There are 2 protein chains.
Amino acid sequence: MEKYKDTGLKLTPQRLAILNYLDGNKEHPSAEDIYRAVLKRFPTMSFATVYNTLETLRQRGGLLELTIDPDKKRFDPNTEHHHHLICVKCKRIVDIHGDYKLPIPNGERAGFEIIGNHIEFYGICPKCKKANSL
Amino acid sequence: MEKYKDTGLKLTPQRLAILNYLDGNKEHPSAEDIYRAVLKRFPTMSFATVYNTLETLRQRGGLLELTIDPDKKRFDPNTEHHHHLICVKCKRIVDIHGDYKLPIPNGERAGFEIIGNHIEFYGICPKCKKANSL
DNA sequence: ACACTTGACAAGAACAATTCTAATCTGATA
DNA sequence: TATCAGATTAGAATTGTTCTTGTCAAGTGT
């Protein structure tokens, strides 16, 4: 929660509820996950508020938007550089903190200015592996 | 095109048109790109046919579905293991063929069975860099 | 305390990408 | 060439996300 102080962000009760839900959350929730969680405390909460808050946070660098799940966007409050492993069955996502050297081969850069990278690992989680083998 | 032979795939004219458009295509087209391209030759083509064909191809391992573009799925007929660099402005995607070692640190595997990986590089393409600096 | 400005909120409409449905139609095989 | 599993079509439906509009709340200067 500390990290959201002093960013000029207006801390409304709704935003605090969202921030509180996100703080330390390692589930990589979708917008709907967040909406449903916050709805318990704010029954009048609107989807627009969730999306607006997430977008505001993202712009201020307090949140990452993950594209690894083909079905929907997932959000990660941990903005330190790291990677992800997703279960291709149930879409559970876990963090991977390996320190990788990822040089781009000469001639493949195509004149791009590189600003970042992210590794997607694909796998099957223990639960789905077990369910699969029944 | 060769690669699609002998897979038990029923080769209808529509599918051939899609395969022909995809063959060797390095643009990483979206479903709509494909639909629009094929529509020229098959004016009665339906979106469903495009999606059905893409899904069939994917299941048979003849096509990759990319999630790197946050707005829509992109498709890659090159199924050899490789990575991608996307322009965060215009969403142009280019191939990266570096050979990377990507071991998962002990204790972070979370019991997952690993089946693959893919690196997303983010950048700004020459065209957008130029447009930006005006 | 009052008017003003700015930004946030709620509700639902709108939108875009994708998937599904139901009714034909067709390619591959016997 | 008859058969039939699988493919095609048009359009409806669904899902995730964004936009619009009117209202509201907090902070500022008077």
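Because the structure is a prediction, the values reported are computed rather than measured. Letters A, B, ... are given to chains in the order of the sequence lines, protein chains preceding strands, and every chain is numbered from 1.
Residue A:R41 contributes atom CZ, which lies 17 Å from atom C1' of C:dC9 at whole-angstrom precision. Atom CG of B:D69 is separated from atom P of C:dA16 by 15 Å (rounded to the nearest Å). A:L54 places its CG atom 15 Å from the P atom of D:dG16, with the value rounded to the nearest Å. Note: CZ (A:F42) to C1' (C:dA8) measures 13 Å, nearest angstrom. Residue A:E55 contributes atom CD, which lies 16 Å from atom P of C:dG7 at whole-angstrom precision. At whole-Å resolution of the value, CG in A:L66 and C1' in D:dG16 are 16 Å apart. Between the C1' atom of D:dT17 and the CZ atom of A:R58 lies a distance of 14 Å, rounded to the nearest Å. When the P atom of C:dA10 is taken as reference, atom CE of A:M45 falls 6 Å away, rounded to whole Å.
Counting heavy atoms of neighbouring residues, nucleotides and ligands inside a 6.0 Å radius, atom CG of B:D99 does not exceed 12 of them. For B:E80, the CD atom sits in a loose shell: 12 or fewer heavy atoms of surrounding residues, nucleotides or ligands are nearer than 6.0 Å.
Side-chain N/O atoms of B:D95 and B:H84 include a donor and acceptor closer than 3.5 Å. For the residue pair A:H82 and A:D76, a side-chain donor N or O sits within less than 3.5 Å of a side-chain acceptor on the partner.
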Quick one, give me the B/S/- string for nucleotides 17-30 of chain C, reading 5' to 3', where B means a protein heavy atom under 4.0 Å from the base and S means that only happens at the primed atoms, P, OP1 or OP2.
SBBB------SS--

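Listed here is the closest heavy atom pair of A:S30 and A:F75: C-CD1, 4.2 Å.
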For A:H28 and A:D33, run side-chain hydrogen bond (donor to acceptor under 3.5 Å, both in side chains): C-alpha distance rounded to whole Å, both residues' side-chain angles, the deciding distance at 0.1 Å, then the answer.
CA-CA 9 Å; A:H28 310 88; A:D33 293 334; over 6 Å; no

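OP1 and OP2 of D:dA7 both lie 4.0 Å or more from every side-chain N or O belonging to B:T49.
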